[in-house]
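Accompanying notes for the structure given below.
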Protein chains: 2
Amino acid sequence: MEENILLRQLLRERKLKATSTRLDVLAVISGYNKAIPFSEIQNSLHDFDRVTLYRTINSLMKSGIIHKASVGEKETFYAVCSSKCSSDSHNHKHIHFKCSNCKAVTCVQADSAINFAITGHTINNFEIEATGICVSCN
Amino acid sequence: MEENILLRQLLRERKLKATSTRLDVLAVISGYNKAIPFSEIQNSLHDFDRVTLYRTINSLMKSGIIHKASVGEKETFYAVCSSKCSSDSHNHKHIHFKCSNCKAVTCVQADSAINFAITGHTINNFEIEATGICVSCN
DNA sequence: ATTTTATTGCAACCTTGTTGCATTTAATGT
DNA sequence: ACATTAAATGCAACAAGGTTGCAATAAAAT
Ligand SMILES: [Mn+2]
Ligand SMILES: [Mn+2]
Ligand SMILES: [Zn+2]
Ligand SMILES: [Zn+2]
């Protein structure tokens, strides 16, 4: 109810109608504190149509509010974007880390900036997916 | 016909029967010289069942002959493994690069080894997918 | 309060990939 | 070359994940 106001604002800033579906979905995703698997969103909210959920997720992604954080091929994970993302462009410089123990997927920063070159190629963007053991499991 | 012998050998080494399906699929994939999209394999070879193609690709992957080279979420790409891969383990230390101009996906080495750390985390493995402009388009 | 415009639900569909089972094919030993 | 064995194939059926068209509904703007 109270926090709702913040989410409402966020949606309006990105020129999305603040519908109850979007508010609910957004609350679940941002309350999760790590990347959330699609099924987890679905289970938390079985009061609207499958199709609506897909469409909601798509519009949240297009407007730079959330992003996919897929590691491995299986289920799709979603995470809230940093404030630097907008409707125009997603702008992440972090790593998607999957803990092989607890299976959690998180967005983490590397300790120092990662740079590499490939002769003859122009690198415009890159994504890193890492697996290992996370902080809590260590 | 002549090269067939090499592919036959390769399959036998990995303890796979050298069936004509496998020889055909393998010839297409290794003749492509970059990562090949699934649909491209399908189009080159419409003489056997869809299911067989899936099963063939799976056994080639399990035995360390080819690997997935997916960049972005859309279609799945496959590429031949370096000789270092076996039935036991895939062992790639390269980058999957997608050219935003010609759309080709290639397996490339970075100019120098890539290393990074994440405080509190143990990193066991990572994958890098990069986008940009490839050699031929540059 | 009314109009405008975006979002939702539903049903139908598509793509990608998998499974069970009977049939065929490749490898192995004679 | 022939029979035996074990693996691979085709077919039909299924399942998960995701999309589309369209009429009904809800949010925003006037
Ligand atoms: Mn992320
Ligand atoms: Mn590769
Ligand atoms: Zn963990
Ligand atoms: Zn190119």
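Here is how names work: the chains are called A, B, and so on, in the same order as the sequence lines, proteins then strands, and each is numbered from 1. Predicted, not measured: the structure shown is a model, and the values here were computed from it. Note: hydrogens, waters and symmetry copies are ignored here, and every other heavy atom, side chains too, is used.
Applying the side-chain contact (heavy atoms from CB on, under 4.5 Å) criterion to B:Thr122, with sequence neighbours excluded, gives A:Ile133, A:Asn138, B:Asn124.
Pairing each heavy atom of A:His121 with each of B:Cys134, the nearest pair is CD2-CA, 3.7 Å. Scanning both residues, B:Ala104 and B:Lys34, for their nearest heavy atoms gives CB-CD, 3.9 Å.
Aromatic ring centres of B:Tyr78 and B:His67 lie farther apart than the 6.0 Å criterion allows. Residues A:Phe77 and A:Tyr32 place their aromatic rings such that the two centres sit no closer than 6.0 Å. Taking the six-membered ring where the residue is Trp, the centroids of B:Phe126 and B:Phe116 are separated by under 6.0 Å.
Remark: A:Arg8 is not in phosphate contact with D:dA28, judged by side-chain N or O atoms under 4.0 Å from OP1 or OP2.
Within the 4.5 Å cutoff, the side chain of A:Ile65 has no heavy atoms near those of the A:Met61 side chain.
Side-chain contact, A:Asp111 with B:Thr119: a donor N or O sits under 3.5 Å from an acceptor N or O.
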Where protein sits on nucleotides 6-14 of chain D, one letter per nucleotide: B base, S sugar-phosphate only, - none, heavy atoms under 4.0 Å | BBSBBBB--
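Protein chain B contacts DNA chain C over a range whose 5' and 3' limits, counting nucleotides with an atom under 4.0 angstrom from a non-hydrogen atom, are C:dT16 to C:dT28.
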